[in-house]
Amino acid sequence: MDGLLPELEVLRKDFPILSRTLADGFPLVYLDSANTSQKPQVVIDAMVDHLERHNANVARAMHQIGAESSAAFEEARDKVATFLNAPSRDEVIFTKNASEGLNLVANTLAWAKGELSVGEGDEIVITEMEHHSNIVPWQLLAERTGARLRWFGLTEDGALDLSNIDDLLNERTKVVSLTWVSNMLGTVNPVRQIADRAHQVGALVVVDAAQAVPQMPVDVVASGADFVGFTGHKVTGPTGIGVLWGRRQVLEQLPPFLGGGEMIATVAMERSTYADIPHKFEAGTPPIVEAVGLGVAVDYLSAIGMDNVKAHEQAITGYALEGLASIGGLRVLGPRTVGNGGERGGAISFEIEGIHPHDVSQVLDSRGIAVRAGHHCAKPAHKRFGVQSSTRASSYLYTTPAEIDALVDGLEYTKKYFRMS
Amino acid sequence: MTTQNLDSLYQEIILDHYKNPLHAGLREPFEAEVHHVNPTCGDEVTLRVHLSGSDDRAVIDDVSYDAEGCSISQAATSVMSDLVIGKTVPEALALHEQFLDMMQGRGGVEPDEEALEDGVAFAGVAKFPARVKCALLSWMAWKDATSRIIGELGNKEQP
C-alpha cells in the first residue's frame with residue numbers, strides 16, 4: 001500500500017498503550033483518534049521528567065528550578081510557533097483546549113470597541129458541519145450583540161455548499177468561523193479560498209483546526225486565517241492544553257479575555273494595565289507540564305514529517321473507505337473517496353441499516369475495537385443527513401491496514417449478531 | 001467485556017422488543033406529553049400518558065411514544081409501557097423503584113421476575129454503567145409526564 005509510514009510496527013512501539021490486550025485476549029484496535037490520540041513514550045517521559053525534576057511555577061518563581069520551568073514552558077511556545085509556521089512566537093496563546101480558543105475570540109469580540117466591535121446589523125458566518133464548540137460561542141456572540149448568525153449549508157456528498165457565498169459574505173459580515181477538517185464527515189474545507197473572500201468584505205476569519213493540525217501540515221500564514229485553534233491531546237500531546245494562534249495586529253486590538261495573574265502589566269485598585277501578547281490572554285498559572293508535553297509532541301510529529309503523516313492517513317482512510325463499501329447496508333456520511341488531491345480527513349462516520357450506533361460500538365468493543373458512537377458533538381450535521389447519530393472510526397499515524405481489516409470483520413460480525421445479514 | 005457479557009447485555013427478550021416494540025406510536029387521548037433526551041448519546045423519546053383520572057389512585061389507561069435510540073433504550077420503552085399500562089399510578093411507581101434498584105445494583109440485585117416480567121432481562125445491562133441511562137430514559141419520561149397530570153410523585157429521586 002502506497003503512502004504508509006515505513007516501519008509502522010517499530011513506530012507503534014513508541015505508543016505503549018497500543019500493545020494492550022483487552023477482555024477475551026483481543027488486542028486493542030484503537031480507531032478513535034479523532035476523539036483523542038494516543039501518546040508516545042517521549043511525551044509521557046518528558047512530562048514525568050518535568051514533574052520529577054523541574055517543577056515550579058512559571059514567570060514568577062525567581063529560583064533556579066523556577067527558571068528551568070519557565071524556560072521549558074516558553075520553549076514549548078517556540079516549538080508550536082515553528083510547527084505552525086507562525087511569524088512570531090508571541091502570536092501563540094496557550095489555552096486549555098480548542099473550545100477555549102474559539103470562546104476567547106467570540107467573547108473578546110463581544111467586548112471589543114471600534115473597528116472590531118460586533119453589533120446589530122452585523123453578521124457572523126459559520127457552517128452546518130461545525131463541532132458544537134464552533135457553533136455555540138457564535139450563537140452567544142450573536143445573542144450578546146444583536147448580530148445575526150448565518151451559515152453555509154452542505155451538499156449531499158458532505159462538502160460546503162458555496163453556491164450562495166456572495167450572499168453570505170457581504171459588507172455586513174464581521175467574522176467567518178469554520179472548521180478546516182470536519183470531525184464527523186472528514187471533509188477538508190477550502191479555507192484559503194473562503195478566507196480570501198471573507199477578507200475582501202473586511203471580515204475576520206477564524207479556523208477550527210482541531211482535526212487539521214493532527215493530520216496535515218498546517219501553515220497559519222498560508223491558510224489566510226486571522227485565527228487558528230487546535231488542541232494538544234489530538235496531536236499526541238496531553239489533555240488540558242490547547243493553542244490559539246492569532247495575527248498580532250488583531251490580538252493586540254482585542255481586549256483581554258480572562259483577568260488575573262500573569263496577564264497584567266500593573267494593577268492598582270482603580271484600574272490595571274495589561275501584559276503584551278501572548279500573556280495578555282493567559283490569566284493565572286498556565287498548564288505548564290501540559291505545554292512541555294505538547295512541545296515534545298509537535299517535535300515528535302515533525303521528526304516523522306507532517307507530509308508523511310498526511311500520506312499515511314490518506315492511505316489508511318482510502319483503504320478503510322474501500323473496506324466499508326464492501327459491507328451491505330452501510331452508508332458513509334461524507335466524502336466516500338479520498339480524492340486525487342487527498343481532500344479527505346481520517347474520520348469516517350457511517351450508519352448500518354437496522355443497528356443503532358451504540359449497539360455497533362458495543363459489539364465492536366467486545367472484540368477490542370474502540371470507535372465512537374453518537375452525534376460526535378455535531379448534531380446539526382447529523383440532522384442534515386437525516387440521522388440522529390452515527391458510528392465513527394478514525395485513524396492516525398499508528399493505524400495499520402490490519403486494524404482496518406479487524407474493523408470490517410467486526411462490522412460483519414455485528415450484523416450477524418443482530419441478524420442483519 | 002467478554003462475549004458472554006455481551007450476550008447478557010443483549011438478551012433475546014431485549015432484541016425481540018427492539019425489533020417488535022409494544023405500544024409504539026403516539027396516540028390520543030392523553031393528558032400529558034413530554035420529550036426527554038439523553039444528551040450524551042442523543043437518544044430521544046416523546047411520550048404521552050393517559051390516566052383514568054387525576055388523583056393518585058388513577059389507572060394508567062395508555063402510554064404511547066415515539067422513540068429514537070439504541071436497542072437498550074428502545075426495548076426498555078417497550079417493556080416499561082407494557083408493564084405500567086393497566087396498573088394504578090402507585091403500582092407503577094413501585095415497579096419503577098424495583099427497576100431502578102436493579103439497574104443501579106451493578107448486577108448484584110436479584111430481580112423479582114413476577115413483578116418486573118420482561119424487565120428482568122435488563123439485569124445484564126446493570127453491569128454496563130454507560131448503558132444504564134439508556135434503560136432508564138423512558139421510565140423518567142413516564143414519571144415526568146405522570147407527575148404533570150397528578151402533581152408531585154412520592155418516589156425516590158434519580159441519581
Side-chain angles (χ1 to χ4, degrees), chain A residues 20-29 32 35 131-132 136 184 333 349 351-392 409-410 413-420, chain B residues 1-21 24 35-47 65-78 103 107 121-138 141:
Chain A
R20 267 204 67 180
T21 46
L22 301 173
D24 280 356
F26 282 101
L28 169 66
V29 174
D32 199 18
N35 206 347
H131 188 282
H132 296 166
V136 182
M184 172 203 164
L333 309 166
S349 296
E351 57 166 355
I352 299 180
E353 204 184 337
I355 314 176
H356 191 275
H358 265 181
D359 297 319
V360 173
S361 75
Q362 189 88 60
V363 177
L364 291 177
D365 183 51
S366 76
R367 297 163 70 88
I369 303 164
V371 297
R372 182 164 171 185
H375 50 58
H376 322 312
C377 301
K379 283 193 86 157
H382 277 84
K383 191 174 172 208
R384 163 65 181 79
F385 288 97
V387 294
Q388 178 218 29
S389 59
S390 62
T391 308
R392 182 184 72 184
D409 290 349
Y413 175 82
T414 305
K415 281 175 60 183
K416 282 199 195 81
Y417 193 88
F418 289 104
R419 296 182 198 96
M420 289 297 169
Chain B
M1 181 184 58
T2 64
T3 313
Q4 199 183 351
N5 266 339
L6 194 64
D7 291 339
S8 79
L9 176 66
Y10 294 116
Q11 300 268 330
E12 286 296 328
I13 296 172
I14 291 180
L15 295 180
D16 285 348
H17 277 277
Y18 176 46
K19 289 191 173 161
N20 302 297
H35 182 74
H36 277 225
V37 178
N38 187 337
T40 53
C41 64
D43 285 1
E44 296 187 31
V45 62
T46 302
L47 185 136
Y65 60 88
D66 180 23
E68 199 172 357
C70 65
S71 58
I72 305 297
S73 78
Q74 298 289 87
T77 309
S78 171
M103 296 313 295
F122 293 85
V125 180
K127 285 182 237 158
F128 299 87
R131 304 302 293 272
V132 167
K133 61 190 185 316
C134 311
L136 295 178
L137 180 68
S138 60

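Chain A is the first sequence line, chain B the second, and so forth, proteins listed ahead of strands; every chain is numbered from 1.
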Query raised in the report: Does any N or O in the side chain of A:His358 come within less than 3.5 Å of the main-chain N or O of B:Ser71, such that one atom is a donor and the other an acceptor?
Result: no
Report task. Using a 4.5 Å cut-off on heavy atoms from C-beta on, say whether the side chain of B:Ile72 contacts that of A:Gln362. Result -> no
Report task. Could you pull out the closest heavy-atom pair between A:Val363 and B:Tyr10, with the gap in Å? Result -> CG2-CE1, 4.1 Å
Requested in this report: Taking the side chain as every heavy atom from C-beta outward, state whether B:Arg131 and A:Asp359 have any pair of such atoms under 4.5 Å apart.
Outcome: yes
Query - Heavy-atom check, side chain of B:Gln74 versus side chain of A:His356, under 4.5 Å - result: no
**Report entry** Over 12 foreign heavy atoms within 6.0 Å of NZ, A:Lys383
**Finding:** no
Query raised in the report: When you measure from the side chain of A:Tyr417 to the backbone N and O of B:Leu6, does any donor-acceptor pair fall under 3.5 Å?
Result: yes
Requested in this report: Counting only heavy atoms closer than 4.5 Å, note whether B:Glu44 contacts chain A via side chain, backbone, both or neither.
Outcome: both
